Amino acid sequence: MRVGIIMVSVGISGMGSYVPPKVLTNDDMAKIVDTSDEWIFSRIGIKERRVVEGDVCTSELAALASERALEDAGVAAEDLDMIVLATSSPDVPMSSTAGVLQGKLGAVNAGAFDLGAVCTGYVYALDVGAKYAADPNYDHVLVVGAEVYSKILNWEDRTTCVFFGDGAGAAVVSECDEGRGILASYLKADGRGAEVIEIPAGGTKRPISHEAIDEGLQYFHMDGRAVWDFAIVALPEAVKGALARCGKTVEEVDMVISHQSNINIITTGMEALGLPMEKTYTNLKRYGNMAGASIPVALHEAVQEGKISSGDLVVLAGYGGGLAWGANAMIW
């Protein structure tokens, strides 16, 4: 255990990700709702997504991704000091899915809590996790983004169900060499737009009832037009905001890993930044929008595929329900 009060450099020491084996293609979606492969791909950029089967839940995907991250970092579960889990599709409303994950991993010495910032959840969670890891009383923090949206969607609503997939990504955050790791974060929210993305029923505002279920209010709802108008501004703002806080410029960026919501939002955001698409990584075509899991899964795959190298300036950028948006800037 480190001692003292001096803040240290912290970064990602290991990563893991997991997506369920079942593939749901756009042609499969066309058998469920009135849509087509051409419509989905041209407007969103998705060809297929992964979905769980049976009683598989969010904590199970989180555990599989976390085990891989711990192995990659060379850290035992009992050596974790804290678990921060970003999710908007928890196993149950209470208790925390992070607590369930802690039990499944056997992380007997770790605290655990959920963080709810929807599609920006991982960016928020990584910032929180980094602050814990920089504390001399914490050595290793597990930061996870995990979602099972297939169980909170209305599969009769073609305006939402075609977008989403299930998955999980995880990172171990630990002390690293000075000048490396997470440099700065930029986190913002505007609760005036909370109803743009929400599950209307199931909380204290509108508890579950027969009437709510009849109206389908227990399912995910989204105002697609409002999301577009918000996201194309929020994405470049978040990237620039994080860079400004660590004295870096857009021109220095080697890779942007953004939330995987819509290929046209990502393209528009990169154009606004003046960056070529070669400086971002997308897996939206294969996995759809995995909400809080999309950024860590994309980051892990980009590293595995050699798109990110040691010393690169990488920015993670999220935007979505809350409304919330933000970014983390780091030297890999």
Side-chain angles (χ1 to χ4, degrees), residues 12-23 49-119 121-126 128-130 132-133 138-152 164-174 260 283 286-301 303-304:
I12 292 173
S13 58
M15 290 205 74
S17 60
Y18 178 82
V19 293
K22 183 177 179 180
V23 176
R49 68 286 292 147
R50 303 295 184 92
V51 296
V52 301
E53 297 182 89
D55 60 358
V56 174
C57 55
T58 298
S59 64
E60 294 181 50
L61 302 191
L64 290 163
S66 297
E67 287 167 355
R68 295 174 179 182
L70 289 168
E71 181 179 4
D72 187 46
V75 173
E78 56 267 27
D79 291 331
L80 289 174
D81 298 297
M82 183 61 71
I83 298 172
V84 186
L85 172 61
T87 187
S88 48
S89 53
D91 286 5
V92 293
M94 185 190 306
S95 291
S96 78
T97 303
V100 177
L101 171 62
Q102 185 249 20
K104 288 182 175 180
L105 293 176
V108 294
N109 296 308
F113 62 92
D114 290 354
L115 189 152
V118 198
C119 297
Y122 198 78
V123 168
Y124 270 69
L126 188 60
V128 171
Y132 272 110
Y138 296 79
D139 289 327
H140 304 293
V141 178
L142 180 66
V143 181
V144 187
E147 305 282 12
V148 175
Y149 261 51
S150 62
K151 293 189 178 183
I152 64 171
F164 296 93
D166 304 335
V172 178
V173 180
S174 313
Q260 305 288 299
N283 56 17
R286 292 179 285 120
Y287 300 139
N289 179 343
M290 294 186 289
S294 71
I295 289 175
V297 173
L299 175 62
H300 185 219
E301 290 193 343
V303 172
Q304 286 183 312

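Source: prediction; values computed, not measured.
Under the 3.5 Å distance criterion, the side-chain polar atoms of Ser294 are left unmatched by any main-chain donor or acceptor of Asn289. Remark: the backbone N or O of Gly292 is paired with a side-chain donor or acceptor of Glu147 at under 3.5 angstrom. A donor-acceptor pair under 3.5 Å links the side-chain atoms of Asp81 to the main chain of His140, judged by distance alone. Between the side chain of Thr87 and the backbone N or O of Ala146, at least one donor-acceptor pair lies under 3.5 Å.
The minimum heavy-atom distance between Ile152 and Ser89, with the atom names listed, is CD1-CB, 4.1 Å. The nearest pair of heavy atoms linking Val144 to Ala170 is CG2-CB, 4.0 Å. When every heavy atom of Ala293 is checked against every heavy atom of Gly167, the shortest pair comes out as CB-O, 3.3 Å. The heavy-atom pair separating Arg49 from Phe164 by the smallest distance is CG-O, 3.2 Å. Residues Val141 and Ala133 approach most closely at CG2-N, 3.8 Å, considering heavy atoms. For the pair Val52 and Pro20, the tightest heavy-atom approach, listed with the atom from each and the gap, is CG1-CG, 3.8 Å.
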Could you list the donor-acceptor pairs under 3.5 angstrom formed by side chains in residues 62-71, with sequence neighbours left out?
residue: Ser66; atom: OG; partner: Ala62; partner atom: O; Å: 2.7
residue: Arg68; atom: NH1; partner: Ser17; partner atom: O; Å: 2.7

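When only modelled atom types and interatomic distance are considered, Tyr149 and Ser88 share a side-chain donor-acceptor pair under 3.5 Å.
Residue Leu299 holds its CG atom at 10.5 Å from CG of Asn283, rounded to the nearest 0.5 Å. From Asp72, atom CG reaches atom NE2 of His300 across 6.0 Å, with rounding to the nearest 0.5 Å. Distance CE/Met82 to CG/Asp139: 12.5 Å, rounded to 0.5 Å. Atoms CG and CG, from Leu105 and Leu80 in turn, are 7.0 Å apart once rounded to the nearest 0.5 Å.
Within the 4.5 Å cutoff, the side chain of Val56 has no heavy atoms near those of the Val148 side chain. Taking 4.5 Å as the limit, every side-chain heavy atom of Arg50 sits out of range of all side-chain heavy atoms of Asp166. In this structure the side chain of Val92 never reaches within 4.5 angstrom of the side chain of Val100, judged on heavy atoms. Under the 4.5 Å side-chain criterion, counting only non-hydrogen atoms from C-beta, Ile295 is not in contact with Leu126.
The side chain to side chain donor-acceptor pair (under 3.5 Å) analysis of residues 94-118, with sequence neighbours excluded, yields the pairs Ser59-Lys104.
Every residue two or more places apart in sequence or in another chain was checked for a salt bridge (charged side-chain N to carboxylate O under 4.0 Å, His left out) with Glu60, and none qualifies.
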(request) Decide yes or no on side chain to side chain contact (heavy atoms under 4.5 Å, CB included) for Phe113 and Val84, but give the supporting numbers first. (result) CA-CA 5 Å; Phe113 62 92; Val84 186; 3.8 Å; yes
